[in-house]
Participant: 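Here it is, the structure in full.
In this text, all values refer to a predicted model and were calculated from it rather than measured experimentally. Below, chains carry the letters A, B, ... as their sequence lines are ordered, and counting in each starts from 1.
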Amino acid sequence: MSVRVRFAPSPTGHLHIGGARTALYNWLFARREQGVFILRIEDTDTERSTQEYTQSILDGMSWLGLTWDEGPFHQMERMPIYREHVDRLLAEGKAYRCTCSPERLEEVRKAALAAGRKPTYDRKCRNEERLPAGSAAGRTKNEERNFCIRFAAPLTGTTVVHDMIRGEIAVDNKELDDLIILRSDGTPTYNFTVVVDDVTMQISHVIRGDDHLNNTPRQILLYQALGYPAPIFAHLPMILGADKQRLSKRHGATSVIAYRDAGYLPGALLNYLARLGWSHGDQEIFTMDEMTRLFRLEDVGKAPAVFDPEKLKWVNSEHLKKYTDDQLVDLARPFFEKQGLAIVDRGYTARALHSERERGKTLDELAAITAFYLRDAVTFDEAAVTKWLTAEKKGLLKEIAERLGQVSDLSDLTLKPILEELQKQHNLKLVDIAQPIRVALTGTTVSPGIFEVMAILGKERVLTRLARALQ
RNA sequence: GCUCCCAUCGUCUAGCGGCCUAGGACGUAGCCCUCUCAAGGCUAAAACACGGGUUCGAUUCCCGUUGGGAGCGCCA
């Protein structure tokens with residue numbers, strides 16, 4: 001059997017961390033099994049679905065590099081298919097019209113809850129005499145729209161889910177109620193469309209979050225009613241916030257795009273996400289290639305995982321190490337631009353980034369700490385100036401400037417003797433001489449080695465900055 | 001409330017009955033390196049939720065308890 005999997009987000013928000021991992025696992029599984037990865041937009045919630053979110057999800061997927069082989073399909077464009085299936089169930093007596101009002105439903109739920117039962121539908125309309133079936137789904141003309149269509153679920157027996165991650169899960173059919181498959185406005189509902197779509201798209205494996213685990217038995221009932229074989233299921237554990245609650249906006253950035261804008265590499269985000277729930281021995285860092293080769297659904301754990309931004313950062317820094325200085329220039333460019341800095345000298349920028357690359361864990365951080373190289377005027381940190389640019393130190397800097405003016409170029413070779421000599425002469429520690437220079441050149445007390453900074457800046461910039469700091 | 005799922009260091013996890021004195025990673029702390037900050041190296045603290053079984057032997061298997069998560073929508 002050929003492997004066909006799908007990622008089916010609903011466009012009611014941006015692509016978030018949890019969705020991205022689900023998409024990744026589907027993608028990895030498809031790649032490894034040489035199957036097909038399908039993207040399906042579940043937009044039957046016309047109230048909340050928007051075109052913007054759809055685009056945002058597509059953008060997120062593209063940025064991550066999770067390319068799809070088929071789609072994107074939109075459920076709103078597949079209405080005839082759903083209606084056809086509803087009609088079939090209706091004709092076979094496996095679905096029925098329900099004229100209960102939302103108000104009555106609410107009362108029934110409340111009463112059930114009060115009696116200690118599940119807040120399910122009491123099957124009133126199913127038990128009353130059947131209304132003329134007709135083509136409820138395809139009703140068009142002057143027909144009233146004050147009814148919806150419910151699935152007539154089996155009253156007895158048990159339904160068992162075969163899950164690649166959870167094993168077998170048996171649920172008593174008594175726990176399942178007659179879910180609505182077609183709303184009174186004629187649109188189908190999730191549990192129905194997902195089944196019809198997965199069948200008609202010939203999905204072989206349904207890999208999704210385990211918030212859908214409870215829905216699975218009802219869906220299996222629908223497969224059976226429709227006379228289709230059910231796909232193989234694999235329910236992934238949830239991703240939680242630091243408070244062990246389901247990850248939400250309250251936990252900070254949850255949209256994939258936010259991570260792109262914060263300077264994370266798509267490969268790093270995916271690497272981190274992959275390790276949330278999946279592992280391969282002690283390995284932490286994976287290339288996409290390694291992941292597609294190594295990923296197995298059998299190695300996915302069952303327990304929910306807490307999203308740890310700190311570890312993500314570390315993973316990102318590890319991935320950052322794999323790029324050359326030259327590649328870093330292009331990666332960091334948008335983040336320099338965000339600060340209003342344009343890259344005029346590519347080689348210079350590459351050398352600047354080289355000196356800082358161990359210090360920034362995201363591209364945003366990296367660009368921020370490298371910015372002083374590209375800025376014309378140094379931005380001074382007040383505390384640093386107060387501590388290190390005292391009158392006494394300024395005298396020292398003046399002396400340094402004079403000596404530097406006499407050398408042809410700045411390098412370890414020319415710089416070291418000069419500073420060491422001054423250090424001895426004034427009976428100072430190297431730190432007492434390095435810090436004033438550092439503040440004068442970078443504006444802060446933190447930077448790469450001072451010799452390196454000076455060599456990269458070059459004689460002209462160094463002297464200019466020194467002069468300016470002395471004012 | 002009912003049903004389902006889950007349970008190893010703070011966090012991500014390895015472990016699939018003896019190899020466990022429970023391993024790795026992030027983070028934390030200390031030391032080394034050192035012109036600052038990182039990076040790097042070394043070291044340390046840190047976990048099998050609890051109680052019953054099964055077994056010669058349980059982190060590993062079973063049951064219960066507790067804790068957490070999810071579902072119970074004319075949302076997906």
Participant: So if I take every side-chain heavy atom of A/Ile450 and compare against B/rC35, B/rC4, B/rC12, which nucleotide ends up nearest?
Facilitator: B/rC35
Participant: On the six-membered ring of A/Phe151, is A/Arg218 placed so that its NZ or CZ lies under 6.0 angstrom from the centre and within 45° of the ring axis?
Facilitator: no
Participant: With both distances under 3.5 Å as the test, what is the Watson-Crick or G-U wobble partner of B/rC19?
Facilitator: none
Participant: Output the rounded distance in Å from CG (A/Leu236) to P (B/rC6).
Facilitator: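 So the CG-P distance, A/Leu236 to B/rC6, works out to 14 Å.
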Participant: What integer distance in Å separates A/His354:NE2 from B/rA38:P?
Facilitator: 19 Å
Participant: To the nearest angstrom, how far is A/Phe307 atom CZ from B/rU13 atom P?
Facilitator: 13 Å
Participant: Select base, sugar-phosphate, or nothing to describe what A/Thr44 touches, counting heavy atoms under 4.0 Å on all strands.
Facilitator: sugar-phosphate
Participant: With sequence neighbours left out, which residue pairs that include part of residues 13-23 of chain A fulfil the side chain to side chain donor-acceptor pair (under 3.5 Å) condition?
Facilitator: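 Output for this query lists A/His14-A/Ser56.
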Participant: Among the nucleotides B/rU36, B/rG23, B/rG27, which one has an atom lying closest to any side-chain atom of A/Gln435?
Facilitator: B/rU36
Participant: For the C1' atoms, the ones on B/rA38 and on B/rC33, what distance do you get once it is rounded to whole angstrom?
Facilitator: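 Rounded to whole Å, the distance is 12 Å.
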Participant: Tell me the partner of B/rU28, counting only Watson-Crick (N1-N3 plus N6-O4 or O6-N4) or G-U wobble (N1-O2 and O6-N3) with both under 3.5 Å; none if nothing fits.
Facilitator: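 Paired with B/rU28, as far as the under-3.5 Å criterion goes, is B/rA44.
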Participant: Looking at B/rG64, which nucleotide sits across from it as a Watson-Crick or G-U wobble partner, both distances under 3.5 angstrom, or is there none?
Facilitator: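 Checking every strand shown, B/rG64 finds its partner in B/rC50, with both distances under 3.5 Å.
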Participant: Measure from the side chain of A/Leu213, starting at C-beta and using heavy atoms only, and say which of B/rA76, B/rG23, B/rC4 lies closest.
Facilitator: B/rC4
Participant: I need the CG-C1' distance between A/Leu113 and B/rG73, as an integer number of Å.
Facilitator: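 After rounding, the reported distance stands at 13 Å.
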Participant: Going by the salt bridge (Lys or Arg N to Asp or Glu O under 4.0 Å) test, which pairs reach into residues 71-80 of chain A, not counting sequence neighbours?
Facilitator: A/Arg78-A/Asp197
Participant: Distance between the C1' atoms of B/rA46 and B/rA25, in whole angstroms?
Facilitator: 14 Å
Participant: Are the aromatic ring centres of A/Tyr25 and A/Phe295 under 6.0 angstrom apart?
Facilitator: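 Yes, they do, as the ring centres are separated by less than 6.0 Å.
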Participant: CD of A/Glu356 versus P of B/rA38: gap in Å, rounded?
Facilitator: 12 Å
Participant: Counting the atoms with a prime plus P, OP1 and OP2 as sugar-phosphate, which does A/Glu284 contact under 4.0 Å by heavy atoms, base, sugar-phosphate, or nothing?
Facilitator: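 Contact class for A/Glu284: base.
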Participant: Please name the nucleotide paired to B/rC72 by Watson-Crick or G-U wobble geometry with both distances under 3.5 Å, or report none.
Facilitator: B/rG1
Participant: Of all the nucleotides listed (B/rU36, B/rU11, B/rC5), which has the minimum atom distance to the side chain of A/Arg438?
Facilitator: B/rU36
Participant: Could you work out the separation of B/rA76 and B/rG69 based on their P atoms and round it to a whole Å?
Facilitator: 25 Å
Participant: A/Leu441 CG to B/rC37 P: how many Å, rounded?
Facilitator: 18 Å
Participant: May I ask you to say what A/Gly277 touches in the nucleic acid, namely base, sugar-phosphate or nothing, with a heavy-atom cut-off under 4.0 Å?
Facilitator: sugar-phosphate
Participant: Which part of the nucleic acid, if any, lies within reach of A/Asp43 when heavy atoms closer than 4.0 Å are counted: base, sugar-phosphate only, or nothing?
Facilitator: nothing
Participant: From B/rG71, B/rC37, B/rU36, pick the nucleotide closest to the side chain of A/Val431?
Facilitator: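 So the nucleotide nearest the side chain must be B/rU36.
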Participant: At 4.0 Å (heavy atoms only), tell me whether A/Thr120 reaches a base, stays on the sugar-phosphate, or touches nothing.
Facilitator: sugar-phosphate
Participant: For the side chain of A/Arg246, counting heavy atoms from C-beta on, which of B/rG71, B/rA39, B/rC12 is nearest?
Facilitator: B/rG71
Participant: Nearest whole angstrom, please: distance from the P of B/rC37 to the CD of A/Glu365.
Facilitator: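 A/Glu365 atom CD is separated from B/rC37 atom P by 17 Å.
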Participant: Expressed in angstrom and rounded to an integer, what is the separation of A/Met238 atom CE from B/rC5 atom P?
Facilitator: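 Taking CE of A/Met238 and P of B/rC5, I get 16 Å after rounding.
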Participant: From the options B/rC37, B/rC74, B/rG71, select the nucleotide whose nearest atom is closest to the side chain of A/Cys148.
Facilitator: B/rC74
Participant: Which comes earlier along RNA chain B counting from the 5' end, the contact point of A/Gly281 or that of A/Glu452, where each point is its nearest nucleotide?
Facilitator: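 The 5'-side residue here is A/Gly281.
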Participant: With respect to the side chain of A/Trp314, which nucleotide from B/rG73, B/rG27, B/rC6 is positioned closest?
Facilitator: B/rG27
Participant: Would you measure the distance from the P atom in B/rC32 across to the matching atom in B/rC37 and give it in whole Å?
Facilitator: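 Taking atom P in both B/rC32 and B/rC37, they lie 13 Å apart.
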Participant: Do A/Arg357 side-chain atoms and A/Leu366 backbone N/O form a donor-acceptor pair below 3.5 Å?
Facilitator: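 Not confirmed, A/Arg357 side chain does not pair with A/Leu366 backbone.
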